[in-house]
Amino acid sequence: MNKMISGMILAMLGVISSAADAGGSLPANAINKLAFQTGGLFIYASNWGNPNSCARNMAVVLLDNDPNYDKAYSLILAAYMSGKKVSGYSDGCTEFDGHTYNTIRGYKYLVIE
């Protein structure tokens, strides 16, 4: 019986941990600045939020190893040039120069408004 209870508690903790690491949505923002850095495209805006509790939230990063990087880059560049807002979803943080930034998916939930 004790093993069963222990197993249930561990399973519940795993679900809670997965939910905490799950990431979250990035609200619609007008892009202030774009910058290429090692590992991806940094997208600067005033109010990205911080769904993954990364160290910095003034920019999100479209990682260059994203399977949809080229298409997402084109879409984000078009939004920047036309003054449209970008929203998306972040799965986690990535590190650059000793600081962490939220990532943004190049697929599913990347929206131009």
Side-chain angles (χ1 to χ4, degrees):
M1 184 73 152
N2 285 340
K3 286 183 182 181
M4 188 170 127
I5 292 172
S6 296
M8 289 172 51
I9 290 171
L10 288 175
M12 289 184 341
L13 288 175
V15 169
I16 292 168
S17 175
S18 295
D21 296 336
S25 62
L26 297 164
N29 273 283
I31 300 169
N32 299 331
K33 178 171 74 171
L34 295 173
F36 279 109
Q37 303 290 354
T38 304
L41 176 68
F42 280 60
I43 308 158
Y44 292 85
S46 299
N47 186 29
W48 279 124
N50 197 354
N52 299 294
S53 300
C54 303
R56 302 266 172 110
N57 68 342
M58 78 285 243
V60 296
V61 182
L62 176 63
L63 297 172
D64 62 3
N65 63 359
D66 187 289
N68 216 25
Y69 180 81
D70 292 340
K71 293 174 187 169
Y73 168 77
S74 297
L75 190 63
I76 290 165
L77 183 59
Y80 177 63
M81 292 171 47
S82 64
K84 298 286 185 180
K85 292 183 177 183
V86 175
S87 63
Y89 191 86
S90 179
D91 289 325
C93 300
T94 190
E95 187 174 340
F96 179 75
D97 280 349
H99 301 286
T100 57
Y101 297 82
N102 288 284
T103 59
I104 188 168
R105 285 183 183 173
Y107 61 96
K108 196 174 183 182
Y109 308 121
L110 180 61
V111 176
I112 307 302
E113 305 177 9

Once you round to the nearest 0.5 Å, how far does OG1 of T103 lie from CG of N52?
6.5 Å

For residues I104 and L34: do they belong to one hydrophobic cluster (side chain heavy atoms under 4.5 Å, members Ile, Leu, Val, Met, Phe, Trp, Tyr)?
yes

Taking distance alone, no hydrogens or angles, what donor-acceptor pairs closer than 3.5 Å link side-chain atoms of residues 40-48 to residues at least two apart or in another chain?
residue : atom : partner : partner atom : Å
S46     : OG   : N32     : ND2          : 3.3
W48     : NE1  : I43     : O            : 3.0

Taking all non-hydrogen atoms of both residues into account, name the closest pair between D64 and Y69 and its distance.
CA-CD1, 3.5 Å

Pairs involving residues 46-113, ordered by first then second residue, that meet disulfide (SG to SG under 2.5 Å) (sequence neighbours left out)
C54-C93

Minimal non-hydrogen separation, A55 against T100, with atom names
N-OG1, 2.7 Å

Taking a hydrophobic cluster as the set of Ile, Leu, Val, Met, Phe, Trp and Tyr residues connected by side-chain heavy atoms closer than 4.5 Å, whether directly or through intermediates, do V111 and Y89 fall within one such cluster?
no

Report whether V60 and V86 are members of the same hydrophobic cluster (ILVMFWY, side-chain heavy atoms less than 4.5 Å apart, transitive linking).
yes

What I want to check is whether the side chains of N57 and N102 have a donor and an acceptor closer together than 3.5 Å.
no

Measure across P51 and S25 and return the closest heavy-atom pair with its distance rounded to 0.1 Å.
CG-O, 4.0 Å

Once rounded to the nearest 0.5 Å, what's the spacing between atom CD1 of I112 and atom NZ of K85?
12.5 Å

Interatomic distance, CG@N50 vs CE@M58, rounded to 0.5 Å, equals 11.0 Å

Below 3.5 Å, can you tabulate the donor-acceptor pairs from side chains in residues 70-84 to any protein atom, sequence neighbours excluded?
residue : atom : partner : partner atom : Å
S74     : OG   : D70     : O            : 3.1
S82     : OG   : A78     : O            : 2.9
S82     : OG   : A79     : O            : 3.4

Testing the basics here: between L26 and S90, what is the closest heavy-atom pair and its distance to 0.1 Å?
CD1-CB, 4.0 Å

Charged N-O contact under 4.0 Å between D91 and R105:
yes

